[in-house]
Amino acid sequence: MGITAESRSVGRVVSDSIKYVTGQVFPALINFIGVMVYTRIFTPENYGNYALALSLVVVSFAFTIEWIRNSSIRFYPTYRKQGNVKGYFSTLAVVVVASVGVVALIATILFLSFRGNLDPGFSRMIPFAVAYFVAFSLFAISNALLVASFRGWLFTFTLTTNAASKLLFAVLLYHFLGMGAEGIFVGVSLSCILLTPFILKRVGFSFSFKNFSREIAGEMTRFGTPLILMLVSNWAFLHINRVIIKLLGSSELVGYYTVGFQFSQNLLSLALSGFYIASYPVIFHAYEENQNIGRIIYGLTKRFILLAFPFISFVAFFSKELLRLFAGREFFTGWQVMPLLAFAALFHGSSQYLVKGFEAVRRSKELGGIYLFSATIFTLLSVILTSHYGIKGAAAAALIGYIILYTSLFLRLKRQAHLIFPAIPILKGAVYSGVSLVPIQFMMKVVNGPLPSLILAGVVFLIVYFGILIITGEFRFKTLISFVRKKLLRRSE
């Protein structure tokens with residue numbers, strides 16, 4: 001009976017991930033187009049200053065929104081089961097508004113106090129970054145409610161619309177008002193302002209001070225605040241490299257690194273995150289139902305690795321060709337960091353399942369300690385390697401840091417959740433990718449033109465890779481066919 005329940009949980013993730021993958025692929029594709037546009041209209045220095053301002057916003061998210069977002073996903077099933085969704089919504093709203101308001105006020109005061117000491121190009125970004133912080137915080141919490149309530153297709157729509165609106169607004173502001181990369185912040189803010197009320201209405205959000213519960217707020221705070229340490233450490237993994245590059249180099253180098261990051265780790269993480277986003281509520285539900293989450297985590301990690309490897313290998317192998325074709329000429333240097341950051345995405349994605357395992361068993365403090373330990377080592381490595389090898393050293397530090405993080409999480413959760421290290425899926429993914437790369441070497445030489453040859457190489461690579469998965473029985477269409485059949489039956493009814 002237990003095994004059947006576990007299989008059903010993994011199966012639900014596979015079907016739900018079809019929705020969430022769609023919800024991530026389209027925004028990732030639009031963001032990919034966005035980077036192509038931004039690198040052609042903004043200078044590396046201007047784009048680097050934008051990246052630095054964004055880094056400050058993201059660390060602000062860690063102190064305010066991300067821990068609330070995790071709490072909202074974690075406790076929605078609990079309070080829905082208790083029939084107290086109104087109290088949950090009202091309490092969540094008070095906590096969000098208070099947190100966002102306090103941080104926005106502090107950021108404004110600090111900016112007004114120290115703006116004379118800041119680089120003019122960076123200083124110009126800050127007011128727009130604060131507005132972005134407020135608007136995107138509300139949007140992020142609203143979207144978390146969609147994830148918690150399994151509204152996958154609405155999640156897809158909102159993320160895709162937000163990404164498209166951001167790009168559209170940023171381009172219009174550049175052409176008509178002459179705004180630089182700060183227009184990206186304005187574009188996201190406008191998009192979030194339009195979408196957030198729509199999302200809240202669809203999830204049935206309601207608010208009343210009478211429904212506010214100190215008990216719910218306390219439970220969310222006790223669970224979420226220990227995650228701040230983990231979230232700040234996660235910010236270090238994703239963004240502190242840019243600060244170090246700025247201190248040891250220049251904003252221009254930050255621009256190179258950021259573009260390489262966006263075409264590799266960030267793009268892959270966005271495109272592949274649909275599968276592990278779908279797993280978040282399922283892991284929590286499985287734990288509440290006393291299922292063996294260790295088996296579920298291993299099954300999810302295995303499928304993620306086999307799905308991720310072809311995309312990661314392709315980006316790593318064709319980094320020069322990708323950046324030469326899709327980025328502005330001034331940013332071509334960024335190809336140097338892409339292979340290392342692409343494989344960093346593999347360990348980043350795999351570690352997310354272990355993170356949710358810790359959250360399910362409510363070991364938030366221990367999780368924060370592991371993240372702090374790993375992020376500290378990563379930061380030291382980044383300083384040392386960046387000072388000697390520049391942006392390539394920063395990328396190498398990112399890969400090593402994520403390997404250390406995954407290993408640390410696995411070793412600490414192994415006993416309680418009876419985990420199995422995914423060595424075999426990693427080996428299979430590497431071997432299958434290696435075999436799939438062989439025929440495209442010939443294709444690249446035969447086909448004329450960089451874009452046609454790259455497209456053909458990608459198609460052939462994916463056909464060979466997934467052909468191997470089908471032959472070896474690693475990939476089956478049964479879940480997908482069953483999912484589509486259910487949707488068709490619903491529509492016919």
Short side-chain to backbone donor-acceptor contact, T39 and M36, under 3.5 Å: yes
Hey, what do you get for CG (L409) to CD (E366), rounding to the nearest 0.5 Å? 9.5 Å
Nearest heavy-atom contact between W67 and T64 is NE1-O, 2.9 Å
Centroid separation Y132 to F185 less than 6.0 Å: yes
Regarding Y47 and Q262, do their side chains bring together a donor and an acceptor under 3.5 Å, going by distance alone? yes
Donor-acceptor pair, side chain of T161 and main chain of T158, under 3.5 angstrom: no
Between L346 and Y402, is the side chain to side chain contact (heavy atoms under 4.5 Å, CB included) condition met? List the steps. CA-CA 9 Å; L346 178 70; Y402 275 118; over 6 Å; no
Note: L354 and Y406 closest approach over all heavy atoms is CD1-CE1, 3.5 Å
Is the shortest heavy-atom distance from the side chain of L56 to the side chain of F122 under 4.5 Å? yes
For residues V355 and N234, determine if any side-chain heavy atom of one lies less than 4.5 Å from a side-chain heavy atom of the other. no
Side chain to side chain contact (heavy atoms under 4.5 Å, CB included) between S319 and F263, worked out: CA-CA 9 Å; S319 55; F263 273 95; over 6 Å; no
Expected list for residues 235-249: side-chain donor-acceptor pairs under 3.5 angstrom, two or more places apart:
unit_1, atom_1, unit_2, atom_2, d
W235, NE1, S55, O, 2.7
H239, ND1, S55, OG, 3.1
N241, OD1, S382, OG, 2.3
N241, ND2, Y257, OH, 2.9
N241, ND2, A394, O, 2.9
K246, NZ, S251, OG, 2.8

Given F311 and F314, is the ring-ring contact (aromatic ring centres under 6.0 Å, His included) satisfied, shown in steps? CA-CA 5 Å; F311 300 100; F314 189 83; 8.9 Å; no
Side chains of L405 and F378: closer than 4.5 Å at any heavy-atom pair? no
Any side-chain heavy-atom pair from I199 and F139 closer than 4.5 angstrom? yes
Do S351 and F347 pass the side chain to side chain contact (heavy atoms under 4.5 Å, CB included) test, and can you show the C-alpha distance, the side-chain angles, and the key distance before you say yes or no? CA-CA 6 Å; S351 68; F347 290 95; over 6 Å; no
Does a side-chain heavy-atom distance below 4.5 Å link C192 with N162? yes
If we only count heavy atoms from C-beta on, is the L159 to N143 side-chain gap below 4.5 Å? yes
Of all heavy-atom pairs linking S264 and M338, the shortest is CB-O, 3.6 Å
Side chains of Y465 and V435: does their closest heavy-atom pair fall under 4.5 Å? no
Quick check: are there more than 12 heavy atoms from other residues, nucleotides or ligands sitting under 6.0 Å from CZ of F421? yes
Has S387 got a side-chain atom pairing as donor or acceptor with I384's backbone, closer than 3.5 angstrom? yes
At what distance, to the nearest 0.5 angstrom, does CG of L54 lie from CD1 of I184? 9.0 Å
In terms of ring plane angle, is the pair F61 and F136 parallel, tilted or perpendicular, where the classes change at 30° and 60°? tilted
Do P425 and T301 make a side-chain contact, defined as non-hydrogen atoms from C-beta onward lying under 4.5 Å apart? no
Straight-line distance of S71 OG to I141 CD1, nearest 0.5 Å: 8.5 Å
Closest non-hydrogen atom pair, A104 against V134: CB-CG2, 3.9 Å
Which heavy atom in I426 sits nearest to a heavy atom in F309, and how many Å separate them? O-CE1, 3.6 Å
Nearest heavy-atom contact between V254 and G48 is CG1-O, 3.7 Å
